[in-house]
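Data first, discussion second: the structure below is written as structure tokens.
Position 1 is the first residue of the sequence, and the numbers go up from there.
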Amino acid sequence: MINFDNAEKIFHLKNNQISYCLGVEQENILSHLYFGKRINKYHGLRDYPRLDRSFSPNLPEACDRLFSLDTLLQEFPGYGNGDFREPAQLIEHADGATVTDFRYTDYRIEAGKPKLDGLPATYIMGNDEAETLTILLIDEVSELKLELAYTIFRDRPIVTRSAKLVNLSKRTVSIKKLASMSMDLPENDLELLHLNGSWARERMVTREKITPGIKLLDSKRG
């Protein structure tokens, strides 16, 4: 259910219903490629286009203006490194700095779905019901490690995700934000469906077009 193309550096999670693809871009940046109906193989349709990014910050080691975190579809974007969209994680270091720079280092694939210690989560009855990909990202300056877990279920059109931050240093950091998942989607004509009801009328469906700006869905009841 999970394949890794070592030559193209692309991970493909799939079952009979859906596919989820992510890749390792230049400078070891983790990028989002595809999530939708099952495909047999990813053929590069959603690869990041090399265009002049003159009005977006460029990575210094990229040595060109064709690559920017501000326009790349990322799997788990950070803060203060040239991406001006909403970050998935915001970490404050002991000196007050909040810049992070997580880069891909390794991965592992295992049968089943590991438990999330101390947290409620979906589960399986047997290891043949799911498979899990764990991506390891390292910020070498702050000595922090991110473990991004992706579980795809054998018989269900579902990918579950979680994130774990590990401090490899002896310095204290303050976690201001750490999302369980983030998804950058390509520009498309999409709609948002959500339930805005209250007690005894929970299934009040609202359908609306996605427009520029921030849309917050939350509950003040806990």
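- Other residues, nucleotides and ligands contribute over 12 non-hydrogen atoms within 6.0 Å of the CG atom of Leu217.
- For Tyr150, the ring pair (Phe, Tyr, Trp, His ring centres under 6.0 Å) partners are Tyr20, not counting sequence neighbours.
- Cluster annotation: Leu22 is connected to Tyr104 through the hydrophobic network of ILVMFWY side chains, with a link wherever side-chain heavy atoms come within less than 4.5 Å.
- Put simply, CG on Asn28 and OG on Ser31 are 11.0 Å apart, with the number rounded to the nearest 0.5 Å.
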Could you give me the CA-CA distance, side-chain angles and deciding distance for Leu165 and Lys145, then say whether side chain to side chain contact (heavy atoms under 4.5 Å, CB included) is met?
CA-CA 6 Å; Leu165 181 68; Lys145 177 173 70 171; over 6 Å; no
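- At least one side-chain heavy atom of Tyr34 sits under 4.5 Å from a side-chain heavy atom of Ser19.
- To the nearest 0.5 Å, the span separating CG on Asn3 from CD1 on Ile109 amounts to 7.5 Å.
- Dense packing is recorded around CG of Asn188, with more than 12 heavy atoms of other residues, nucleotides or ligands lying under 6.0 Å away.
- Between Ala130 and Ile124, the shortest heavy-atom distance links the atoms CB-CG2, 4.0 Å.
- Residues meeting the ring pair (Phe, Tyr, Trp, His ring centres under 6.0 Å) test with His93, sequence neighbours left out: none.
- The closest donor-acceptor contact from the side chain of Tyr79 to the backbone of Asp83 lies at 3.5 Å or more, if one exists at all.
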After noting the C-alpha distance and the side-chain angles of Lys113 and Phe153, does the key distance pass the side chain to side chain contact (heavy atoms under 4.5 Å, CB included) rule?
CA-CA 9 Å; Lys113 182 180 186 297; Phe153 292 80; 4.0 Å; yes
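- Asp155 contributes atom CG, which lies 8.0 Å from atom CG of Asn16 (distance to the nearest 0.5 angstrom).
- Between the Lys14 side chain and the Ile2 main chain, no donor and acceptor come within less than 3.5 Å of each other.
- With sequence neighbours excluded, the residues satisfying side-chain contact (heavy atoms from CB on, under 4.5 Å) with Asn196 are His194, Met204, Thr206.
- In this structure Asp70 satisfies the side-chain hydrogen bond (donor to acceptor under 3.5 Å, both in side chains) test together with Ser56, sequence neighbours excluded.
- Within the structure, salt bridge (charged side-chain N to carboxylate O under 4.0 Å, His left out) contacts touching residues 96-109 (residues at least two apart or in different chains) are Glu61-Arg103, Asp101-Arg103, Arg108-Glu110, Arg108-Glu147.
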Result block: side-chain N/O donor-acceptor pairs under 3.5 angstrom for residues 173-183, not counting sequence neighbours:
from: Lys177; atom 1: NZ; to: Pro87; atom 2: O; distance (Å): 2.6

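- When the side chains of ILVMFWY residues are joined at heavy-atom separations under 4.5 Å, either directly or via intervening members, Leu33 and Leu190 end up in two distinct hydrophobic clusters.
- Between the CG atom in Leu195 and the CZ atom in Arg201 there is a gap of 12.0 Å [rounded to 0.5 Å].
- Atom CD1 of residue Ile158 and atom CD1 of residue Ile18 lie 7.5 Å apart, to the nearest 0.5 angstrom.
- In this structure, Val99 stands alone, with no Ile, Leu, Val, Met, Phe, Trp or Tyr side-chain heavy atom under 4.5 Å from its own, directly or through other members.
- The salt bridge (charged side-chain N to carboxylate O under 4.0 Å, His left out) analysis of residues 115-132, with sequence neighbours excluded, yields the pairs Asp128-Arg154.
- Between Ile152 and Thr132, every side-chain heavy-atom pair lies at or beyond the 4.5 Å cut-off.
- Side-chain rings of Tyr107 and Phe4 approach one another, their centers coming within less than 6.0 Å.
- In the hydrophobic clustering of ILVMFWY residues, with side-chain heavy atoms under 4.5 Å counting as a link, Leu146 and Leu30 come out together.
- Hydrophobic clustering (side-chain heavy atoms under 4.5 Å, transitive across Ile, Leu, Val, Met, Phe, Trp, Tyr) keeps Leu45 apart from Phe35.
- In this structure a side-chain-to-backbone donor-acceptor pair under 3.5 Å is present from Tyr48 to Ser68.
- For Asn15 (side chain) and Gln17 (main-chain N/O), a donor-acceptor pair under 3.5 Å exists by modelled atom type.
- Residue pairs that meet the salt bridge (charged side-chain N to carboxylate O under 4.0 Å, His left out) test with at least one member in residues 157-173, sequence neighbours left out, are Glu75-Arg161, Glu143-Arg171.
- Of all heavy-atom pairs spanning Leu148 and Ala163, the tightest one is CD2-CB, 3.8 Å.
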Does the pair Lys209 and Asp189 meet the rule for a salt bridge (Lys or Arg N to Asp or Glu O under 4.0 Å), with working shown?
CA-CA 8 Å; Lys209 290 185 69 65; Asp189 186 17; 2.7 Å; yes
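- With contacts defined as side-chain heavy-atom distances shorter than 4.5 Å, the pair Thr105/Leu137 does not qualify.
- Nearest heavy atoms, Trp199 versus Glu202: CA-OE2, 3.6 Å.
- Put simply, the side chain of Ile29 reaches to within 4.5 Å of the side chain of Leu59, judged on heavy atoms.
- For residues 24-40, every residue pair satisfying the salt bridge (charged side-chain N to carboxylate O under 4.0 Å, His left out) rule, not counting sequence neighbours, is listed here: Glu25-Arg50.
- Clustering ILVMFWY residues whenever any of their side-chain heavy atoms sit less than 4.5 angstrom apart, transitively, puts Leu144 in a cluster other than the one holding Leu136.
- Taking the side chain as every heavy atom from C-beta outward, Lys215 and Leu192 approach each other to under 4.5 Å.
- With rounding to the nearest 0.5 angstrom, the OG1 atom of Thr122 is 7.5 Å from the CG atom of Leu116.
- Inter-residue side-chain proximity for His12 and Asp5 is flagged as unmet; no heavy-atom pair is nearer than 4.5 Å.
- Taking every heavy atom of both residues into account, Ile39 and Cys21 meet most closely at CD1-SG, 4.2 Å.
- When the side-chain hydrogen bond (donor to acceptor under 3.5 Å, both in side chains) test is applied to Asp139, the partners found at least two apart in sequence or on another chain are Ser142.
- Not counting sequence neighbours, the partners of Leu193 by the side-chain contact (heavy atoms from CB on, under 4.5 Å) test are Glu191, Arg207.
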